[in-house]
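Notes for the one structure printed next.
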Amino acid sequence: MLEMLVDFGHFFIDPILDFKYAKREVMAVNSEHQKNIPKDTWRLMQLQRSLLKKGHPATLFHTGCLKTLKGTGEKELRKFMNSYYSPSQMALCVISPLSLDKQEELVKKIFSQIPARKAVKFSVSSHLLDTKKTVRLIKVVPM
């Protein structure tokens, strides 16, 4: 368990972020996006987003695809990482047969090595809907 936790920790402590693999990752993200399109749950989320206040970030896509990720450069990826990639923006869940005290000790030992950055706090308005004096009834036909 310790080796696995140490290895996992290094994804965050010293991420490689080698841009030569970015195109492959874009293709993997797009593949996952394409897989989700015909699913009813996904379609309902898309419908829900289409009803939200215009211009609110929640109306945007929740996963990337070729169209949205095409042309993203290394400089842009690194800027995103340096802006948002910080322990203050992360949460960790550990499940193991070890005692809570031992788990806490291991997590602190390993994950306290993640470099702290002055991360940009992501926040948006909680007002998702325009005020209307009418009721909307939407019927969805499942696939």
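Not a single donor-acceptor pair under 3.5 Å links the side chain of Arg43 to the backbone N or O of Pro142. Of the possible polar contacts, one joining the Asp40 side chain to the Met143 backbone as a donor-acceptor pair under 3.5 Å is found. A donor-acceptor distance shorter than 3.5 angstrom exists from the side chain of Ser99 to the backbone of Lys102, with no hydrogens or angles considered. Remark: the backbone N or O of Lys108 is paired with a side-chain donor or acceptor of Ser112 at under 3.5 angstrom. In this structure, Glu32 contributes its side chain and Ala28 its backbone to no donor-acceptor pair below 3.5 Å.
A salt bridge is absent between Glu105 and Lys109; no separation between the charged side-chain nitrogens and carboxylate oxygens falls under 4.0 Å.
Across every non-hydrogen atom of Lys53 and Leu129, the tightest pair is CE-O, 3.8 Å. Between Ala119 and Ser86 the shortest heavy-atom distance is CB-CB, 3.6 Å. Taking all atoms of both residues into account, the shortest heavy-atom contact from Leu17 to Arg78 is O-NH2, 2.9 Å. A pairwise comparison of heavy atoms in Thr63 and Trp42 identifies OG1-CH2, 3.6 Å as the closest pair. Nearest approach of Ile13 to Pro115, heavy atoms of both residues: O-CD, 3.4 Å. Across all non-hydrogen atoms, the minimal contact from Leu52 to Gln48 is CG-O, 3.5 Å.
Separating the OG atom in Ser125 from the NE2 atom in His56 is a distance of 5.0 Å, to the nearest 0.5 Å. With rounding to the nearest 0.5 angstrom, the OH atom of Tyr85 is 5.0 Å from the CZ atom of Phe12. The NZ atom of Lys20 sits 11.5 Å away from atom CD of Glu74, with the distance rounded to the nearest 0.5 Å. If you take CG on Asn36 and OG1 on Thr41, they are separated by 9.5 Å, rounding to the nearest 0.5 Å. Here the straight-line distance linking atom OG of Ser83 with atom NZ of Lys121 works out to 15.0 Å at 0.5 Å rounding. A distance of 9.5 Å separates CG in Asp18 from CZ in Arg24, rounded to the nearest 0.5 Å.
Using a 4.5 Å cut-off on side-chain heavy atoms (C-beta onward), Leu5 and Phe111 make contact. Here the side chains of His10 and Val6 are in contact, with some heavy-atom distance below 4.5 Å. Put simply, the side chain of Leu69 does not reach to within 4.5 Å of the side chain of Asn30, judged on heavy atoms. With a 4.5 Å cut-off on side-chain heavy atoms, Leu98 and Gln103 count as touching. At least one side-chain heavy atom of Leu92 sits under 4.5 Å from a side-chain heavy atom of Phe8. For the pair His33/Thr68, no side-chain contact is recorded, criterion being any heavy-atom separation below 4.5 Å from C-beta on. At least one side-chain heavy atom of Arg117 sits less than 4.5 Å from a side-chain heavy atom of Asn82.
Hydrophobic clustering, with ILVMFWY side chains joined whenever heavy atoms are under 4.5 angstrom apart, groups Leu51 together with Leu44. Clustering ILVMFWY residues whenever any of their side-chain heavy atoms sit less than 4.5 angstrom apart, transitively, puts Leu106 in the very cluster that holds Phe11. Linking ILVMFWY side-chain heavy atoms closer than 4.5 Å, directly or via other members, places Val120 and Phe80 in a single hydrophobic cluster. Under the 4.5 Å side-chain heavy-atom criterion for grouping Ile, Leu, Val, Met, Phe, Trp and Tyr, Met81 is connected to Met90 within one hydrophobic cluster. Residues Leu100 and Val94 fall into different hydrophobic clusters, defined by Ile, Leu, Val, Met, Phe, Trp and Tyr side chains chained together at heavy-atom separations under 4.5 Å.
Tyr21 OH: 12 or fewer foreign heavy atoms inside a 6.0 Å radius. Heavy-atom contacts from other residues, nucleotides or ligands closer than 6.0 Å to NZ of Lys118 number 12 or fewer.
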